2 protein chains.
Amino acid sequence: MTSASNDPRWLTAEQRVAWLHMVRVLTRLPATLDAQLERDAGLSFFEYHVLSMLSETSDHTLRLSRLAQLTSSSLSRLSNVVKRLEAQGLLRREPDPDDRRASRAVLTGLGLAAVEQAAPGHVTTVRDLVVDALDDAQLDHLRVAHERILERLDPSSATRPDWFDN
Amino acid sequence: MTSASNDPRWLTAEQRVAWLHMVRVLTRLPATLDAQLERDAGLSFFEYHVLSMLSETSDHTLRLSRLAQLTSSSLSRLSNVVKRLEAQGLLRREPDPDDRRASRAVLTGLGLAAVEQAAPGHVTTVRDLVVDALDDAQLDHLRVAHERILERLDPSSATRPDWFDN
DNA sequence: GTCGCGAGGTTCAAACTTGAACAATTTGTC
DNA sequence: GACAAATTGTTCAAGTTTGAACCTCGCGAC
């Protein structure tokens, strides 16, 4: 026999090329987004993401456990970051009236102003690096591929925002 | 006028959906790869990446500065990780005879064995989450999109391995 | 040659993340 | 109702990353 049957199936040359490209994007894109936001707004991408998720809800409020899902972070990491953001006055924590174990994070006016100030530069960076690098068809193909991947990464769609209709 | 001319151009609904999908992939995929490698091989994805890049060269050797480019890491981060990997006997550092400022990292037999042991599980995960989630055309579209994005992220292609022919 | 600037690496302190342990609820089951 | 199990969130110690400071060496201009 030429190969044991429990070999992992290696990648073909084409698959390997595609994967190695993806790894480079996966490592460089977040670093670049972080650098821009840190430089222009004093926020990490993760902090921006947290504030941004809050700003999308109608009452600017989310339970910490939900916020952890939406940002794909551990509760421990989120707890630390929320504490820092609270110390900066960008949000505040309040007990959840419906469940006394839980806390809710509420965006403050200062926090909303911070996201709104940071957003234009961030959007410009996203355009420069991704959206404007692709034509409409290519961006749509990228969306489809990401949807397929997300079905594997997150079958329950727990990380998908509720307001995300599509 | 309805909008000042220096507004950043906001994303259209379609573009926004595509971008939000990408952000979810960008944050969850590396975390998942990390978890699998840490669990099954005791390596972070970054450590695996370092060892893997070394294993791809003919003499299993790379200058640290080159290795930093290939893994998109700061020299500082790489220096720390290389020190740890050296302490574990997975690689060793030696002075570069051609440039006395430089050091080279050389994969040891133990290091090669570690990559070879970790590789099958890693490849299986990559297949499960990405490669097998897409058909050939979709994977090719993904490759093309990533190539366009990399032209923006890394115009000089400094992070592209030399043996990467394509 | 030698002067100055830039490249290659290391180190240290400060900041951040992780994972385990913990306390306080809530939920489900009998 | 009462008890076990699961959920929510915080905290602490250990490990990792970051950025600035620093040292050594190569390169180019003069």
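Note that this is a predicted model, so its numbers are computed, not measured.
The minimum heavy-atom distance linking A:Gly121 with A:Gln36 is given by the pair C-NE2, 3.5 Å.
Separating the CG atom of B:Asp34 from the P atom of D:dG15 is a distance of 17 Å, rounded to the nearest angstrom. One can place CG of A:Asn80 at 16 Å from P of D:dA14, the figure rounded to the nearest angstrom. Between the CG atom of B:Leu62 and the P atom of C:dG9 there is a distance of 11 Å, rounded to whole Å. If you take CD of B:Glu38 and C1' of D:dT16, they are 12 Å apart, rounded to a whole angstrom. Between the CG atom of B:Leu78 and the C1' atom of C:dT10 there is a distance of 12 Å, given to the nearest Å.
For B:Ser103, the side chain to side chain contact (heavy atoms under 4.5 Å, CB included) test picks out B:Leu64, with sequence neighbours left out. Residues satisfying the side chain to side chain donor-acceptor pair (under 3.5 Å) criterion with B:Arg84, sequence neighbours excluded, are absent altogether. Scanning for side chain to side chain donor-acceptor pair (under 3.5 Å) contacts around A:Asp132 gives A:Arg127, B:Arg9, with sequence neighbours left out. Residues that satisfy the salt bridge (Lys or Arg N to Asp or Glu O under 4.0 Å) test with B:Asp99, not counting sequence neighbours, are B:Arg63, B:Arg101.
For the ring pair (Phe, Tyr, Trp, His ring centres under 6.0 Å) condition, the pairs that include at least one residue of residues 105-138 of chain A, sequence neighbours left out, are A:Phe45-A:His122, A:Tyr48-A:His122. Applying the ring pair (Phe, Tyr, Trp, His ring centres under 6.0 Å) test to pairs two or more places apart or on separate chains, those with a residue in residues 140-161 of chain B are A:His141-B:His141. Screening residues 50-80 of chain B for ring pair (Phe, Tyr, Trp, His ring centres under 6.0 Å) gives no qualifying pairs among residues at least two apart or on separate chains. Annotation: side-chain hydrogen bond (donor to acceptor under 3.5 Å, both in side chains) contacts involving residues 85-94 of chain B, sequence neighbours excluded, comprise B:Glu86-B:Arg93, B:Arg92-B:Glu94, B:Glu94-B:Arg104.
Of the residues in residues 82-95 of chain B, B:Lys83, B:Arg93 come within less than 4.0 Å of DNA chain C through at least one heavy atom, sorted by number. Less than 4.0 Å separates DNA chain C from no heavy atom of any residue of residues 44-57 of chain B.
Taking the side chain of B:Arg77 as heavy atoms from C-beta on, and the options D:dC25, D:dT11, D:dT18, the nearest nucleotide is D:dT18.
Under the 4.0 Å criterion applied to side-chain N and carboxylate O atoms, A:Arg24 and B:Asp154 are assigned as salt-bridge partners. With respect to the salt-bridge test (charged N to carboxylate O, under 4.0 angstrom), the residues A:Arg16 and B:Glu56 qualify.
Contact check, B:Arg100 against D:dT24: no side-chain N or O comes under 4.0 Å of OP1 or OP2. Residue A:Ser76 places none of its side-chain N or O atoms closer than 4.0 Å to OP1 or OP2 of C:dT18.
A distance-only check finds a donor-acceptor pair linking the side chain of B:Gln138 to the backbone of B:Asp135 [under 3.5 Å].
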Write down the protein N/O and nucleotide N/O pairs, taken from nucleotides 2-8 of chain C, whose separation is under 3.5 Å; answer none if there are no such pairs.
| from | atom 1 | to | atom 2 | distance (Å) |
| --- | --- | --- | --- | --- |
| C:dG6 | N2 | B:Arg101 | NH1 | 3.1 |
| C:dA7 | N3 | B:Arg101 | NH1 | 3.2 |

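Axis orientation changes by 30° from one end of the helix from C:dG1-D:dC30 to C:dC30-D:dG1 to the other, with each end axis drawn from 5 pairs and the value rounded to 10°.
Each of A:Val126, A:Ile149, A:Val25 was compared with B:Met22 under the side-chain contact (heavy atoms from CB on, under 4.5 Å) criterion, and only A:Val25 meets it.
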